[in-house]
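Notes follow once the structure below has been shown.
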Amino acid sequence: MGKTLAYKILENHLISGTLTPGSEITVKIDQTLTQDSTGTMVYLQLEAMEIEKIKTELSVAYIDHNTLQTGFENADDHAFIESVAKRHGILFSKPGNGICHQLHLENYGIPGKTLLGSDSHTPTGGGLGMIAIGAGGLDVAVAMAKGTYTLSVPKVLGIHLKGRLQMWSSAKDVILAVLKQLTVKGGVGYIIEYFGEGVKTLSVTDRATITNMGAELGATTSIFPSDENTKEYLRMQGREDAFIALSADEDAEYDSVLEIDLGALAPLAAAPHSPDNVEAVSVIGEIKVDQVAIGSCTNSSYTDLMKVAAILKGNKVHPDVSLVISPGSSRILAQLAENGALADMIRAGARILENACGPCIGMGQSPKSGAVSLRTFNRNFKGRSGTNDASVYLVSPETAAISAIKGVLTDGSTTDIVLPEIKIQDTASVDSFIVSPSDAGKEYTQVEMGPNIKPFPRNTALPDTLTAEITLVAGNNITTDDIMPSDSRLLPYRSNVPYLSNYCFEKIDPQFAERCKKTGSCVIIGGENYGQGSSREHAALAPLYLGVKFVLAKSFARIHRSNLINSGIMPLVFADQQDYNSLSLGDQLTVENARIQAAAKYITVKNLTTGKTFKVSADFSKLETAMILAGGKINYLRQE
Ligand code: MIC
Ligand code: SF4
């Protein structure tokens, strides 16, 4: 039986275990990336491991999420990250250089290599034929310290691409079409691998848009073959020597296959408030638009922004619309400035923001009350824009730009505008934003620790009897934005879990933090796909700080499940989903012989309030059980 590309790369990196879906393997990690909002925790953890030198081939610390520096807190975080980077041989990308995933694709990604990043959109690197996985910060710290990562082997879902996109349809529409079919939990437990004749019609930046948003499917990662387009892309970045051709075997067998006819795709939009709530733009109709935001790690590439500039050229942004554009990198902005496209955007009335995540993570540009905002981003969870009653639609750059001119959601194929074909240009990277690590070594560089940087909370070993009170009963698809909101108000406190925890579940239940503090020992009840979205381990650390002992849910999102285990909080799944309905706020639950039960397939939970007993599935791997028993990954590593 032929091999999939994903398994070929995993096999090349295999350190232990066998490549059988569901079993646990440890793989070599070649590269890591971090960004600032998860980075301080990563580097606090790395420092705590007291290593001399990192074990990866390349590690980069990017600053892109909070670049506003509204107070000293962010500048302190950045200084801290820079100082640790210098000590350990890590490249440091200064604020303003761009968005981590776009920068990594341009400057460091290599086909066939593995990349672990403390950001859920790390799979952007799959556009270059990498196995690029998003993980919690602690896993990335360990990957730097040991050069390895342990994961449960995903199945591989093949997506067979046929045909060629029509003029106004875009890579964004491809992934929106996949999201419509598979939903936000359809990719859990899978690597998504693209193949077929349609692949060669997509540029690397198109492919990266598609693999980027595989995160919204809940997939472990997504990957494209490395071919002539990859070679051309790398050549344009001055890195042709990084190229190798890679693809699945002709007779590769996928665990399941989905077919997408690129030629049949119309411009699509994900309507509020979920990336899988997808409809054709023409079906949603010409709704009035108040704001258009173009950028984010999904759609801020040179080719995307050149298409936007071509649409805007000679036109005017509608008087009722605010159009903001954040380029993905300093190189892209320099190119747009040099070739005149930037002037076309500005003349049309676009506001140019810094090369950073910006509005995508709620750092500014919150729309007005009740507004409709079209965004080329990847997440439209309620409130993420900073405005709770705003309606955010996720669209392609083409749809965003034409709608900004028309003032209403517009399907460009209904206009007579002809879009030019955009080719990637050959320009040198802007390396002035990169700080190389100090040659002097660890002992010569002091860690710079500002007053807002507080130690991360640590759990204690699992007790024999766990008794906890239900302090929240939540529904399906709870996001990490719901658990630990992140916006311009809270992002400055990513290094201060005690402060941040006051806002835990703020949007769903403002009393949650208070209730937990009073109770001291609590449990959260969740529905399906609990913890989807971001990789932020703060969504586990804040509950840990508030005394959450375990989470019972119908199912968990991959990264959040790992983050809970890393924090020593048990993620437990209802054996019978009906039991979810029997639980209420304030119920006292107890797990007896917890240390013995944690190693079993099922755990018995007793509801002391109702007297009912029910089973939940633990199903932890050996390593996971050891981490739970020790009270989290750090304690486990110390014991080791
Ligand atoms: C996001 O898009 O939600 C983020 C901000 O990039 C997160 C990381 C974080 O919460 O810091 C992610 O996707 O992992
Ligand atoms: Fe940044 Fe948004 Fe991408 Fe997250 S999704 S890395 S916030 S641009």
Side-chain angles (χ1 to χ4, degrees), residues 33-42 61-68 74 77 81 93 95 97-105 116-125 132-137 139-140 175 208-209 211-216 218 221 275 293-301 304 324-329 353-365 375-381 383-386 392 394 479-488 490-495 497 500 531-542 557-560 562-563:
L33 70 77
T34 58
Q35 40 90 341
D36 47 318
S37 70
T38 53
T40 18
M41 284 295 148
V42 176
Y62 295 97
I63 306 291
D64 54 359
H65 277 62
N66 191 358
T67 56
L68 285 188
N74 291 123
D77 282 353
I81 294 174
S93 166
N97 195 22
I99 305 171
C100 56
H101 308 302
Q102 182 62 40
L103 286 166
H104 207 84
L105 196 75
L116 196 74
S118 66
D119 190 281
S120 63
H121 290 102
T122 304
T124 314
I133 301 178
D139 287 321
V140 177
I175 188 64
T209 294
T211 58
N212 169 284
M213 261 187 103
E216 276 52 64
T221 188
I294 297 176
S296 89
C297 53
T298 313
N299 280 124
S300 61
S301 65
D304 280 342
V324 294
I325 301 177
S326 353
S329 74
L353 305 182
E354 194 175 20
N355 315 316
C357 300
C360 179
I361 190 58
M363 291 304 293
Q365 305 305 321
R375 300 179 160 214
T376 65
F377 309 165
N378 45 42
R379 291 183 175 149
N380 58 346
F381 303 143
R384 183 173 161 102
S385 67
V392 175
L394 305 175
T479 71
T480 47
D481 281 341
D482 295 326
I483 304 171
M484 198 55 263
S486 201
D487 53 22
S488 56
L490 294 180
L491 216 46
Y493 297 97
R494 282 296 186 91
S495 314
V497 174
L500 213 52
Q532 67 159 331
S534 150
S535 67
R536 70 187 69 135
E537 56 197 345
H538 303 77
L541 293 175
R558 176 186 64 90
I559 305 180
H560 186 60
S562 300
N563 284 339

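In listed order, ligands and their atoms are each counted from 1.
Of all the atoms in ligand 1, the ones that sit under 4.0 Å from a non-hydrogen atom of Ser37 are 9 (C), 11 (O). Listed by atom number, the atoms of ligand 1 under 4.0 Å from His65 heavy atoms are 4 (C), 5 (C), 6 (O). Per-residue contacts place Arg536 under 4.0 angstrom from the following atoms of ligand 1 (heavy atoms of the residue considered): 3 (O), 5 (C), 9 (C), 10 (O). Close contacts between ligand 1 and Ile361 involve ligand atoms 5 (C) [criterion: under 4.0 Å to a heavy atom]. Counting atoms of ligand 1 from 1 in the listed order, those under 4.0 Å from a heavy atom of Arg379 are 1 (C), 2 (O), 3 (O), 12 (C), 13 (O). The Thr38 neighbourhood of ligand 1 comprises atoms 9 (C), 11 (O), with distances under 4.0 Å to a heavy atom of that residue. Short contacts between ligand 2 and Asn378, defined as distances under 4.0 Å to a heavy atom of the residue, involve ligand atoms 5 (S).
Residue contacts with ligand 1: Arg494 is included, with a non-hydrogen atom under 4.0 Å away. Residue-ligand proximity: His538 is placed with every non-hydrogen atom at 4.0 Å or more from ligand 1.
Near atom 1 (Fe) of ligand 2, less than 2.8 Å away, sit the protein N, O or S atoms Cys357 SG.
Side-chain atoms of Thr122 and His101, non-hydrogen and from C-beta on, do get closer than 4.5 Å to each other. Contact check for His65 versus Asp77: no side-chain heavy atoms found under the 4.5 Å cut-off.
The minimum heavy-atom distance between Thr209 and Thr298, with the atom names listed, is OG1-O, 2.8 Å. For the residue pair Pro275 and Arg379, the shortest heavy atom distance occurs at CG-CA, 4.4 Å. Ala135 approaches Asp139 most closely through the heavy-atom pair CB-CB, 4.0 Å. Of all heavy-atom pairs spanning His538 and Ser37, the tightest one is CE1-O, 3.4 Å. Closest approach of Asn212 to His121, counting heavy atoms only: O-CD2, 3.1 Å. The heavy-atom pair separating Ser296 from Ile99 by the smallest distance is C-CD1, 3.6 Å.
Ranking the protein heavy atoms by distance from atom 8 (C) of ligand 1 puts Gln35 NE2, 3.2 Å first. Summary of contacts: the protein heavy atom closest to atom 2 (O) of ligand 1 is Arg384 NH2, 2.8 Å. When hydrogens are left out, the protein atom nearest atom 7 (C) of ligand 1 is Ser534 OG, 3.2 Å; that is the closest non-hydrogen contact. For atom 13 (O) of ligand 1, the nearest non-hydrogen atom of the protein is Ser120 OG, 2.5 Å.
Under 4.0 angstrom from ligand 2, there are no non-hydrogen atoms of Thr298.
Applying the side chain to side chain contact (heavy atoms under 4.5 Å, CB included) test between Asp36 and each of Asn74, Leu491, Asn66 identifies Asn66 as the sole match.
In this structure a side-chain-to-backbone donor-acceptor pair under 3.5 Å is missing from Gln102 to Leu105. A side-chain donor-acceptor contact under 3.5 Å links Asn563 to the backbone of Ser535.
Residue-to-ligand polar distances keep Asp481 apart from ligand 1: every N/O pair is separated by 3.5 Å or more.
Interatomic distance, CG of Asp119 versus SG of Cys297, reported as 6.5 Å (0.5 Å rounding).
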Would Thr124 and His104 count as a side chain to side chain contact (heavy atoms under 4.5 Å, CB included) if you check the C-alpha gap in whole Å, the side-chain angles of each, and the deciding distance to 0.1 Å? CA-CA 9 Å; Thr124 314; His104 207 84; over 6 Å; no
